[in-house]
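Step one of this worksheet: look at the structure below.
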Protein chains: 2
Amino acid sequence: MSVDLVHTGLAGQTVAVLRELVLTGEIAAGERVNEVGLAQRLGISRGPLREAIRHLASEGLLVLTPNRGAHVPVADNTGVHALFELRSALECAAARLAAARRTDADLTRMREVSAASRAAFTTGEFPYRLDLAFHGALLEAARSPLVAEQVRLAQQRVVLLRAAKELTFSHEQASIDEHDVLIEAIGDQDADRAAAVMATHLDRVRDQLLTTG
Amino acid sequence: MSVDLVHTGLAGQTVAVLRELVLTGEIAAGERVNEVGLAQRLGISRGPLREAIRHLASEGLLVLTPNRGAHVPVADNTGVHALFELRSALECAAARLAAARRTDADLTRMREVSAASRAAFTTGEFPYRLDLAFHGALLEAARSPLVAEQVRLAQQRVVLLRAAKELTFSHEQASIDEHDVLIEAIGDQDADRAAAVMATHLDRVRDQLLTTG
DNA sequence: AAGTTGTTAACTGTCGACAGTTGGCAGAAT
DNA sequence: ATTCTGCCAACTGTCGACAGTTAACAACTT
């Protein structure tokens, strides 16, 4: 809830700053967060920082231990499987909704992102930003704000996993191809096929993350 | 994250107390939450109360407005549809997982809850507690802790909707019947059928909630 | 009378200080 | 050498007070 709107006030800003610190791996996996130290470093009081920490914890980016504070979670293989079960549940449903509700403009947008991905790939780059852009375009087509919000939270936790494994996004042809198959299924308004393609896509991404680490 | 474990400390306890106040409708829909007043009423300081408020907000049980504090959300029909899209996404996936992973013990447990529901129904009662127990048993069978957690959060928001509409749970034969069909599909390890049954079940519950209010 | 502006009270946002708990470390006993 | 015990430092949990903002009300203008 209200992830973008509450950039008001010190607590809201601190959420953004701390999120970046965690996602970039500047605060490594397993590392504890010292309240007084970080508060001084950010030039703020402990109050807003605590609220920011609790917020990030509710997103799964931090883990709270009573009287021991917060630390960045360290995910084992079991945790990765659990996270991708959640992401798959949400994003397959989003693919279904997108297939049912997409407009021609949505399709155009998704094709644009896919084309940009291919163009970037030929130059040897396939930035994670473009991958997120594609999934974001799909979420827009699904027109389900709550599902979209939860998908973004799950994706964020995957980003954290990549940071923990010190992985820059692997440049994969397979992902772009699967995106295009997804576009096709959504274009045909074939919800079942879209969900199935999404499921296999995410399974492959998960396995690649597991084997690479 | 950590919804059950952080009952330590005043903030954790306050989360539980405040959650009850919201879910029972003691704090009505649309009503604002006064920090100083509620803090005095609970005999605590504003710090822990603020953290509790932020926590409930992250669960969707409260809405934060910059410099205006928190209030219980008022859901219109659009909001109800959006919420049930999320719940359906999660719980259909849970049904799929349950069909794939259920043990005989899981089946037995679900049948027990269903039998208890029927017994209660003959006496004119069908407590919401038993409905939650059934869905809880299904979640256990799914063996996906993150999905289960999100399902419970979504269910909780539905409870809030019922409280807002001052609805006691309607005694519905249809729900119990649908539960049994779900058990059958899960027993047959038919994931597609389980998901389909769950989807129609939730659609019916949603429509009933919309028409009754 | 309607609209506008100045004022004010109530509330949230933030801070610094104090209290309580935890885990580690040093030292004694076996 | 090892284990147990008592201390201690560092940290989190909590509190009360101050600062900043908002929305409503009153007075004034047109």
Side-chain angles (χ1 to χ4, degrees), chain A residues 1-19 21-22 26-74, chain B residues 1-19 21-22 26-74:
Chain A
M1 285 269 100
S2 61
V3 180
D4 304 309
L5 299 178
V6 185
H7 282 281
T8 307
L10 272 183
Q13 293 175 246
T14 306
V15 167
V17 173
L18 186 52
R19 172 182 286 131
L21 288 178
V22 172
E26 193 159 341
I27 301 180
E31 188 174 342
R32 281 186 49 193
V33 177
N34 185 302
E35 292 186 1
V36 288
L38 187 54
Q40 287 179 355
R41 177 179 163 189
L42 297 178
I44 62 174
S45 174
R46 279 180 58 214
L49 176 58
R50 278 176 66 90
E51 289 182 1
I53 288 174
R54 293 294 169 49
H55 188 98
L56 274 289
S58 78
E59 293 185 1
L61 261 48
L62 289 175
V63 176
L64 298 177
T65 311
N67 295 314
R68 307 266 5 245
H71 63 91
V72 180
V74 286
Chain B
M1 285 269 96
S2 61
V3 180
D4 305 309
L5 300 179
V6 186
H7 281 279
T8 306
L10 271 182
Q13 295 175 244
T14 306
V15 168
V17 172
L18 187 52
R19 173 182 286 130
L21 287 178
V22 171
E26 193 158 341
I27 302 180
E31 188 174 341
R32 280 186 49 191
V33 177
N34 186 301
E35 292 186 1
V36 286
L38 187 54
Q40 288 178 354
R41 176 178 163 189
L42 297 178
I44 63 176
S45 174
R46 278 180 59 213
L49 177 59
R50 277 176 69 89
E51 289 182 1
I53 289 174
R54 294 314 216 294
H55 189 101
L56 274 301
S58 78
E59 294 186 0
L61 260 48
L62 289 174
V63 176
L64 298 177
T65 311
N67 295 315
R68 305 269 2 251
H71 62 91
V72 180
V74 286

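Chain letters run A, B, ... following the sequence lines, proteins first and then strands; every chain starts at 1.
For the pair B:Arg50 and C:dG13, the criterion of a side-chain N or O lying under 4.0 Å from OP1 or OP2 is met. The phosphate of C:dG24 (OP1 or OP2) has no side-chain N or O of A:Arg68 nearer than 4.0 angstrom.
Side-chain contact between A:Val33 and A:Val22 is absent, with no heavy atoms from C-beta onward closer than 4.5 Å. Proximity of A:Leu18 to A:Leu38: side-chain heavy atoms (C-beta onward) are separated by under 4.5 Å at one or more points.
The salt bridge (charged side-chain N to carboxylate O under 4.0 Å, His left out) test applied to B:Arg32 returns no partner, not counting sequence neighbours. Every side-chain contact (heavy atoms from CB on, under 4.5 Å) that B:Glu31 has, sequence neighbours left out, goes to B:Ile27, B:Ala28. Checked against side-chain contact (heavy atoms from CB on, under 4.5 Å), A:Val36 has the following partners two or more places apart in sequence or in another chain: A:Asn34, A:Arg46. Considering only residues two or more places apart in sequence or on other chains, A:Arg68 meets the side chain to side chain donor-acceptor pair (under 3.5 Å) condition with none of them.
Closest heavy-atom contact between B:Leu49 and B:Glu35: CD2-O, 3.2 Å.
Using modelled atom types, one finds a donor on one side chain and an acceptor on the other under 3.5 Å when comparing B:His55 with B:Glu59.
Residue contacts shown for A:Gly69 are limited to sugar-phosphate atoms, with no base heavy atom under 4.0 Å away.
Straight-line distance from the CG atom of B:Leu49 to the C1' atom of C:dG13: 14 Å, rounded to whole Å. The CG-C1' distance, from A:Leu62 to D:dT12, rounds to 15 Å in whole Å.
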Look for any protein N or O under 3.5 Å of an N or O in nucleotides 17-21 of chain D and output each such pair with its distance, or none.
unit_1	atom_1	unit_2	atom_2	d
D:dT21	O3'	B:Asn67	ND2	3.4

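Residues from residues 30-44 of chain B placing a heavy atom under 4.0 Å of any atom in DNA chain C, listed by number, are B:Arg32, B:Val33, B:Asn34, B:Glu35, B:Val36.
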